[in-house]
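Following: one structure in structure tokens, then a few remarks.
Letters go in sequence order (proteins before strands), and every chain restarts at 1. Computed from a predicted model, the values in this text were never measured in an experiment.
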Number of protein chains: 2
Amino acid sequence: MALRHAVLAALLDEELSGYQVTKAFAAGVANFWHALPQQVYAELAKLEKEGLVAGREVVQEGRPNKRLFRVTGEGLGELESFASAAAKPAFLREDLLVQVQAADHLDADVLIERLTERYAFAEAKAALFEEQLRRMRGGLDEAEFLLRGASRVGPYLTCRRGRDFERANRDWCRDVMEVLRARRVQVREGD
Amino acid sequence: MALRHAVLAALLDEELSGYQVTKAFAAGVANFWHALPQQVYAELAKLEKEGLVAGREVVQEGRPNKRLFRVTGEGLGELESFASAAAKPAFLREDLLVQVQAADHLDADVLIERLTERYAFAEAKAALFEEQLRRMRGGLDEAEFLLRGASRVGPYLTCRRGRDFERANRDWCRDVMEVLRARRVQVREGD
DNA sequence: GGGGACATGTAACGGGTTACATGATTTT
DNA sequence: AAAATCATGTAACCCGTTACATGTCCCC
């Protein structure tokens, strides 16, 4: 039941529409949680009914009207009690890990295709995160920003975790490919 | 729908009972997937009905009888076609990330408690993985084992990913705590 | 005698994913 | 003219989690 808290956390620093929240949670750039648009809209409706967020209609010209949401005092309380309870650690749950687990029984070429794809994805996502971090830092170097920066450090720290996660995925893909290629050569020499 | 493939992958190298598979998937040490006992038993039943695994009754003395499962030719085919399709990349989905995202609006002490807990958990899990890796390597150093080792490298490579994931979690917790503490001091100086 | 391993499930619930739906406006 | 962006949902399904259930044997 952490989606509700993720949505609340996303709304802490600025008033956003459901659409903007879904963009923050978009598959490619989600830095601290992931959710589909349908989930976000449903969760916002629930949160509003419970008084944890408040929405206001904004009439627009040239594009559809929208509803902007902000976190209420009760909403912040909900987040506080969420942070007071022990967080459940997450597990790695990647299709690719299952495939590599079976590596010794599968065709190496097929696996290398999968690893190449994942490598590219991880590289691209890490670059996106890196770009976001650069923008958040502004002109400051990281230590300076984290210690004395005026802006919020929470989003920066979660984004950094996202970047490092994808870097680790990238490096792992690279290493696994190296091993598979080396062993394939090994097998040929053994013939 | 990757649980079925995770179960198949777990059975590739040895015949196992449902209970042994659940142990392989146990929360603390799951190196490439995570599943609860109920899921494993249900999945094994389905896989057997579909002919992807074959079970045989083993009568035991002094403890309950058990059923050992092995992957059939069809089961291996299923895994092959699974590996042929593009794997969906996973997302980080950690309660703690949500909590840190909201760090600037929450009590630092409470967050540091959460981070300390997660740090200890990550450290312990990384150590477990490291121990497993050491056992798999036997006497060989890693490069030697991966290149010329006779045993299966798939499980080793996924376990290494698990270890590095938890190390990254640990280091991130450490860094975040450092930032929160430094900024707390900063705030006091600003008074 | 109690707790932990061994061994295998059923049932209910809730959250996440997939598919579908609508409609205006801006960009290519 | 087609595709992408803005903007918001409904409905069905599957999977994962939580809670509950049962019984033996071994070790402290």
Side-chain angles (χ1 to χ4, degrees), chain A residues 1-7 15-30 33-50 53 55-69 82 85-95 98, chain B residues 1-7 15-30 33-50 53 55-69 82 85-95 98:
Chain A
M1 232 230 265
L3 171 60
R4 67 190 304 99
H5 303 112
V7 171
E15 234 183 353
L16 296 173
S17 67
Y19 185 78
Q20 286 173 304
V21 176
T22 67
K23 272 188 68 182
F25 282 102
V29 204
W33 200 259
H34 172 250
L36 299 166
Q38 306 93 299
Q39 285 176 276
V40 172
Y41 286 113
E43 200 61 48
L44 280 171
K46 258 197 280 181
L47 287 168
E48 191 178 20
K49 210 166 61 182
E50 295 174 36
V53 304
R56 63 180 182 92
E57 189 84 15
V58 174
V59 179
Q60 294 186 121
E61 287 175 34
R63 48 183 63 178
N65 294 345
K66 61 181 173 184
R67 308 198 62 222
L68 291 184
F69 294 93
F82 171 61
K88 288 190 187 166
F91 302 100
L92 281 177
R93 208 170 239 175
E94 282 243 16
D95 288 355
V98 176
Chain B
M1 232 231 267
L3 171 60
R4 65 190 306 98
H5 303 112
V7 171
E15 234 183 353
L16 296 173
S17 67
Y19 185 77
Q20 287 174 303
V21 175
T22 66
K23 272 189 66 181
F25 282 100
V29 204
W33 201 258
H34 173 249
L36 299 166
Q38 306 93 300
Q39 284 176 277
V40 172
Y41 286 113
E43 199 61 48
L44 280 169
K46 257 197 279 179
L47 287 168
E48 192 179 19
K49 209 167 61 182
E50 294 174 36
V53 304
R56 65 181 180 92
E57 188 85 16
V58 174
V59 179
Q60 295 185 121
E61 289 175 33
R63 50 183 63 178
N65 294 345
K66 62 181 172 184
R67 308 199 62 222
L68 290 183
F69 294 93
F82 171 61
K88 288 192 187 166
F91 302 100
L92 282 176
R93 208 169 240 176
E94 283 243 15
D95 289 353
V98 176

(request) Hey, could you give me the NE2/CD distance between A:His5 and A:Glu43, rounded to the nearest 0.5 Å? (result) 9.0 Å

(message) Measuring from atom CG of A:Leu92 to atom NE2 of B:His34, what distance do you get when rounded to the nearest 0.5 angstrom?
(response) 12.0 Å

Euclidean distance, atom [atom1] of residue [X] to atom [atom2] of [N] [Å, nearest integer]:
{"X": "A:Arg63", "N": "D:dT5", "atom1": "CZ", "atom2": "P", "value": "12 Å"}
{"X": "B:Met1", "N": "D:dC13", "atom1": "CE", "atom2": "P", "value": "15 Å"}
{"X": "B:Glu57", "N": "C:dA7", "atom1": "CD", "atom2": "P", "value": "12 Å"}
{"X": "B:Leu16", "N": "C:dA7", "atom1": "CG", "atom2": "C1'", "value": "14 Å"}

(message) If you assign A:Glu43 and A:Glu61 each to the DNA chain C nucleotide with the nearest heavy atom, which residue ends up on the more 5' nucleotide?
(response) A:Glu43

(message) Taking the nucleotide of DNA chain C with the nearest heavy atom to each, does A:Gly62 or A:Leu36 sit closer to the 5' end?
(response) A:Leu36

Indicate the atoms forming the closest heavy-atom contact of [X] with [Y], along with that distance.
{"X": "B:Ser17", "Y": "B:Leu68", "result": "N-CD2, 3.4 Å"}
{"X": "A:Glu94", "Y": "B:Pro89", "result": "OE1-CA, 4.0 Å"}
{"X": "B:Phe25", "Y": "B:Val7", "result": "CZ-N, 4.1 Å"}

(request) Tell me, please, which residues at least two apart from B:Tyr41 pass ring pair (Phe, Tyr, Trp, His ring centres under 6.0 Å). (result) none

(request) Considering just the side-chain nitrogens and oxygens of B:Gln39, establish if one lies under 4.0 Å of OP1 or OP2 belonging to D:dT17. (result) yes

(request) For C:dC6, take OP1 and OP2 only and decide whether either is under 4.0 Å from a side-chain N or O of B:Lys23. (result) yes

(message) Is there a side-chain contact between A:Val98 and B:Phe82 in this structure, where contact means two heavy atoms from C-beta onward sitting under 4.5 Å apart?
(response) yes

(message) Counting only side-chain heavy atoms from C-beta out, which of C:dG16, C:dT18, C:dC6 sits nearest to B:Lys88?
(response) C:dT18

(request) Would you mind reading off the bend of the helix from C:dG1-D:dC28 to C:dT28-D:dA1 from its two end axes, five pairs each, to 10 degrees? (result) 50°

(message) I'd like to know if the side chain of B:Glu48 and the backbone of B:Ala45 have a donor-acceptor N/O pair within less than 3.5 Å.
(response) no

(message) Need one value for B:Arg93: base, sugar-phosphate or nothing, where a base atom within 4.0 Å counts as base even if backbone is also close, heavy atoms only.
(response) sugar-phosphate

So which protein N/O to nucleotides 8-12 of chain C N/O distances come out below 3.5 Å?
from: C:dT8; atom 1: OP1; to: B:Arg67; atom 2: N; distance (Å): 3.0
from: C:dT8; atom 1: OP2; to: B:Tyr19; atom 2: N; distance (Å): 2.9
from: C:dT8; atom 1: OP2; to: B:Tyr41; atom 2: OH; distance (Å): 3.3

(request) Please report the C-alpha distance between B:Arg56 and B:Glu15 in whole Å, then the side-chain angles of each, then the deciding distance to 0.1 Å, and finally whether the side-chain contact (heavy atoms from CB on, under 4.5 Å) criterion is met. (result) CA-CA 10 Å; B:Arg56 65 181 180 92; B:Glu15 234 183 353; 2.8 Å; yes

